[in-house]
Novice: 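The following block contains the structure, expressed as structure tokens.
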Amino acid sequence: MAKFSADLLVRQGRLIDPTHGTDARLDILIRQGKIVQSAPSLPAPPDVPVLMATGLVVAPGFIDIHTHLREPGYEHKETIQSGTTAAAAGGICAVAAMPNTIPPPDSGDHLQLALERAQTAVVRYYPIACVTVGRQGRGALAPLAELAELGAVAFSDDGDPVQDEALMRRALEIARDLDRPIFPHEEVKSLTAGGCMHAGEVAARLSVKGMPAAGEEEMVARDIELVRQTGGPLHIAHISTAGTAQLVRRAKADGLPVTCEVLPHHFVLTDREVERQGPAAKMSPPLREPADVEAMLAGLADGTIEVIATDHAPHTAEEKAQALTRAPMGIVGLETAVGLTLTYLVDRVLSLHEAIARWTCHPARILRLPGGALTPGMPGDLTLLDLAREWEVVPEHFRSKSRNTPFAGYRLKGKAVATIVGGQIVYSELAA
Ligand SMILES: [Zn+2]
């Protein structure tokens with residue numbers, strides 16, 4: 001059987017589809033990997049397996065548009081297979097993979113190599129290609145049109161900004177013509193160099209160099225201005241400050257094609273966590289101040305922030321055991337993001353529908369991906385949620401090769417309990 005091309009009847013779940021405003025107890029039928037129909041009661045065609053979803057929410061397959069799978073080049077941290085297995089276990093049906101690999105996908109050949117490796121993926125894999133050759137942020141643009149033709153869904157030098165303004169302007173012009181967004185990591189390196197956490201009271205107390213909010217906001221402001229001039233689509237990776245949220249809010253009010261995402265740790269944790277946990281809470285952009293967390297919640301609530309993503313960034317225990325100033329940036333997120341969303345956002349700042357939209361139809365729209373809704377003919381991807389399930393984050397149980405999380409021991413309420421990609425059950429905690 002071809003990959004992601006299975007038959008399945010999912011019965012009696014609470015079907016929630018934000019695109020169509022659906023919220024009802026319905027059966028849903030998938031044939032040959034595609035959604036056929038949903039109805040209060042569907043007979044099971046012969047040979048079609050049945051999955052009972054009584055008491056569960058059945059949502060369109062969740063999409064993580066910001067994942068680091070580390071392959072090729074850093075397979076000791078993660079592989080496409082281990083990372084996508086972690087995605088499946090976290091309820092994620094599709095990932096968009098960031099290009100900081102060795103080699104980075106900055107040419108047709110390099111992108112082809114990544115796509116060949118991605119045969120091992122257990123969920124859908126979409127490559128994000130580089131903006132510049134070698135992810136240098138200066139020098140030459142990567143061949144964006146060729147990369148788009150080969151399947152790149154967006155362009156990013158993630159981990160690093162596109163420092164050269166003329167290159168960024170040209171990239172946005174090409175992105176406009178290709179109808180694929182530039183997806184930048186916004187950072188003014190001259191303001192953040194040597195920083196290992198947010199520049200604030202806690203960094204001062206720990207006597208370490210901080211990364212000021214301006215180090216993010218000044219580059220966001222520059223790029224929004226370039227969008228105003230070029231009309232190129234911009235999806236800003238992982239916003240973390242109140243100032244950035246306000247810049248995006250204004251850009252959207254001006255009708256610019258600007259969108260952004262937030263990561264769970266930026267709406268749950270503050271820089272105090274660095275004092276408690278050290279390198280386990282070190283990432284870029286860093287954990288900020290309580291007012292910034294409030295701004296992330298407000299940005300989610302008013303629609304300024306349309307996407308939640310993971311920035312899943314695996315590192316080995318040895319790497320993260322180094323001193324705060326030396327340890328690498330980043331935390332894993334694929335196996336905790338859905339639980340954190342359900343625990344910290346739903347019925348506090350977002351309705352369940354709105355939270356699901358931020359993982360499904362919004363990311364699908366921004367990266368022009370198939371899926372994100374339960375429309376007949378669309379990919380048969382489903383995420384099944386148990387809203388009542390209370391569970392503890394135990395990093396030793398992660399499917400990811402890496403365990404670098406600041407959420408160890410957290411008690412969460414709500415969990416993805418089955419993940420279906422093209423009618424194929426790629427993860428399930430349900431009794432057979
Ligand atoms: Zn990233």
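Both counts, for ligands and for their atoms, begin at 1 and track the order of listing. Given the structure is predicted, the values throughout are model-derived calculations rather than measurements.
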Novice: Compute the angle centred on the Zn ion (ligand 1) spanning OD1 of Asp311 and OD2 of Asp158, and express it rounded to 10 degrees.
Specialist: 170°
Novice: Under 3.5 Å, is there a donor-acceptor pair between the Ser400 and Glu78 side chains?
Specialist: yes
Novice: Hey, could you give me the NE2/OG1 distance between His362 and Thr259, rounded to the nearest 0.5 Å?
Specialist: 10.5 Å
Novice: Under 3.5 Å, is there a donor-acceptor pair between the Glu261 and His238 side chains?
Specialist: no
Novice: Evaluate the ring planes of Tyr410 and Phe407, with Trp represented by its six-membered ring, and classify them as parallel (under 30°), tilted (30 to 60°) or perpendicular (over 60°).
Specialist: perpendicular
Novice: Which atom name does His68 have for its N/O/S atom nearest to the Zn ion (ligand 1)?
Specialist: NE2
Novice: Write the atom name of the N, O or S atom in His66 that is nearest the Zn ion (ligand 1).
Specialist: NE2
